[in-house]
K.L.:
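Following this message is one structure expressed as structure tokens.
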Amino acid sequence: MARVFNFYAGPATLPLPVLEAAQADLVDYRGSGLSLIETSHRSNDYDEVHASAQRLIRELLGVPDGYSVLFLGGGATMQFGMIPMNLMTTGRSDLVLSGVWAQKALDDAKKYGTVSVVYDGSDTKFSTLPAASSVASTRDSSYLHITSNETIDGIQWKEFPTVDAPLVADMSSDILSRPVPVERFGLIYAGAQKNLGPAGVTIVIIRDDLLERSPADLPIYLRYPTHAKKDSLYNTPPVFPIYIVNLVLQWIVDNGGLAGIAERNRRKADALYQAIADSDGFYRSPVDPAVRSDMNVVFRLPDEEQEKKFVAGAAERGMIGLKGHRSVGGVRASIYNAMPEAGVETLIAYMNEFHR
Ligand SMILES: *Cc1c(COP(=O)(O)O)cnc(C)c1O
């Protein structure tokens, strides 16, 4: 079987054992005579999967008591609207404008009140982040929003700010790639298709006292308490994505848990940034070394013509998805949890060959 090394930013590569387990289960789920995606979401078979996925997220991330773990539809993008709708009760919030995704969160939040941009990275072309200790929330702010990893710009918070208002984080592209102090956040959300599974389910981890803020006149689905009260079974949840997420979570457990995964991610990112540094300026990272992402390694070549040749040559060698986002250009290697170290080694060998 020929599997390529998949460097796409999302939907992204999944662990092979997960895909194989899903394949084996698909037609006849563990002797039930039907597949899980044809089964009632109120069945025991599905219930086990749902409960297991919630439990593993809690265990792996160390989610404290007093938080709910929700499975929602609509992607991380729906959270750009749901968060202000549910939480911006003072009519004010804060946001760190760190990149393309933070901008989208800002665009929606502004529809529900006044958003103070407490840091604006646009004048540095989103190549750096503020020091965590310099970030503060403003008066009467309902919450402060950050993006833990800017998938397109290739920057990542290494330490998180401590602020007075509840801290809200879009962790779509680095959730479960490293340990995080969940107790310092009011709300964490992530679309699954970068690091956790297929598109279709969004994980929301919310501190329970924040549930009480939700205005009663919002549509039922768009209220967090609806899902918290019904354990994310108010309506039909995205059964198949949640099933795959559960397999991915088990795979993380089998691969050393979050500490083991984080260590491997570190090694992969370090190796790639080192290869860039060792290229005598042929490859160049546009990003502040202090905040370079371990998930999305963005780099440039001397000109766009060579970048095109580089990406095409990589594809011929079984490495796909390396083209940078259309808004920033260049090359981007997304090396999420499921990218094997062999994929990064193969990429580095090709970078050296291309340079020569
Ligand atoms: C991909 C991505 C999103 C959008 O996710 P959807 O599930 O497609 O809505 C939001 N934020 C970040 C950081 C992302 O990487």
Side-chain angles (χ1 to χ4, degrees), residues 6-14 57 70-85 95-111 115 119 121-122 126-129 143-158 160 167-178 180 185 187-205 221-222 227 232 237-238 240-242 244-245 248 265 269 287 291-298 321-328 332-339:
N6 171 3
F7 291 94
Y8 278 124
T13 190
L14 286 167
I57 288 172
L70 312 180
F71 298 134
L72 305 183
T77 299
M78 193 166 80
Q79 297 310 307
F80 297 159
M82 264 180 88
I83 290 164
M85 281 181 189
L95 178 135
V96 174
L97 184 53
S98 50
V100 174
W101 288 113
Q103 179 66 56
K104 295 199 176 193
L106 173 62
D107 293 344
D108 257 359
K110 282 198 294 205
K111 297 181 180 170
V115 184
Y119 168 87
S122 57
F126 301 129
S127 61
T128 188
L129 289 168
Y143 60 87
L144 184 142
H145 182 284
I146 63 169
T147 309
S148 63
N149 183 69
E150 286 284 1
T151 321
I152 291 172
D153 309 281
I155 57 179
Q156 183 178 34
W157 291 84
K158 303 298 171 183
F160 295 106
L167 188 60
V168 170
D170 178 357
M171 293 196 186
S172 292
S173 51
D174 69 351
I175 191 162
L176 285 156
S177 69
R178 55 176 175 171
V180 293
F185 293 85
L187 187 151
I188 291 170
Y189 65 103
Q193 70 274 20
K194 280 35 182 269
N195 221 6
L196 271 190
V201 63
T202 302
I203 315 297
V204 173
I205 302 170
Y221 188 89
L222 297 181
H227 304 285
S232 301
F240 189 69
I242 293 170
I244 301 280
V245 165
V248 171
N265 286 336
V287 173
V291 296
R292 285 178 183 168
S293 171
D294 287 353
M295 298 280 99
N296 310 98
V297 177
V298 170
L322 284 162
K323 193 165 175 284
H325 191 267
R326 59 190 181 280
S327 63
V328 298
R332 171 175 54 170
S334 295
I335 51 171
Y336 300 117
N337 288 354
M339 171 58 66

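None of the values given here were measured: they were computed from a predicted structure. Heavy-atom basis, side chains included; hydrogens, waters and symmetry copies ignored. Counting convention: from 1, in listed order, for ligands and their atoms alike.
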K.L.:
For F126 and V328, run side chain to side chain contact (heavy atoms under 4.5 Å, CB included): C-alpha distance rounded to whole Å, both residues' side-chain angles, the deciding distance at 0.1 Å, then the answer.
P.N.:
CA-CA 10 Å; F126 301 129; V328 298; over 6 Å; no
K.L.:
Quick check against the 3.5 Å criterion: does N195 have a side-chain atom that pairs as donor or acceptor with the backbone of Y336?
P.N.:
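No, the answer is negative, given that no donor and acceptor are paired below the 3.5 Å cut-off.
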K.L.:
Residues in side-chain hydrogen bond (donor to acceptor under 3.5 Å, both in side chains) with S148, at least two apart?
P.N.:
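S148 satisfies side-chain hydrogen bond (donor to acceptor under 3.5 Å, both in side chains) with D174 once adjacent residues are dropped.
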K.L.:
With rounding to the nearest 0.5 angstrom, report the CD to CD1 distance, Q193 to I244.
P.N.:
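Here the rounded value is 13.5 Å.
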K.L.:
Does a donor on one side chain sit under 3.5 Å from an acceptor on the other, for N296 and S334?
P.N.:
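A pair is found: one side chain offers a donor N or O, the other an acceptor, under 3.5 Å apart.
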K.L.:
Under 4.0 Å between a Lys/Arg side-chain N and an Asp/Glu carboxylate O for K111 and D108?
P.N.:
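Here K111 pairs with D108 in a salt bridge, since their nearest N and O are under 4.0 Å apart.
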K.L.:
Taking only heavy atoms of the protein into account, state which residues are under 4.0 angstrom from an atom of ligand 1, in chain and number order.
P.N.:
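Within the 4.0 Å shell of ligand 1, which is judged on heavy atoms, sit G75, A76, T77, F80, W101, T147, N149, T151, D170, S172, S173, Q193, K194.
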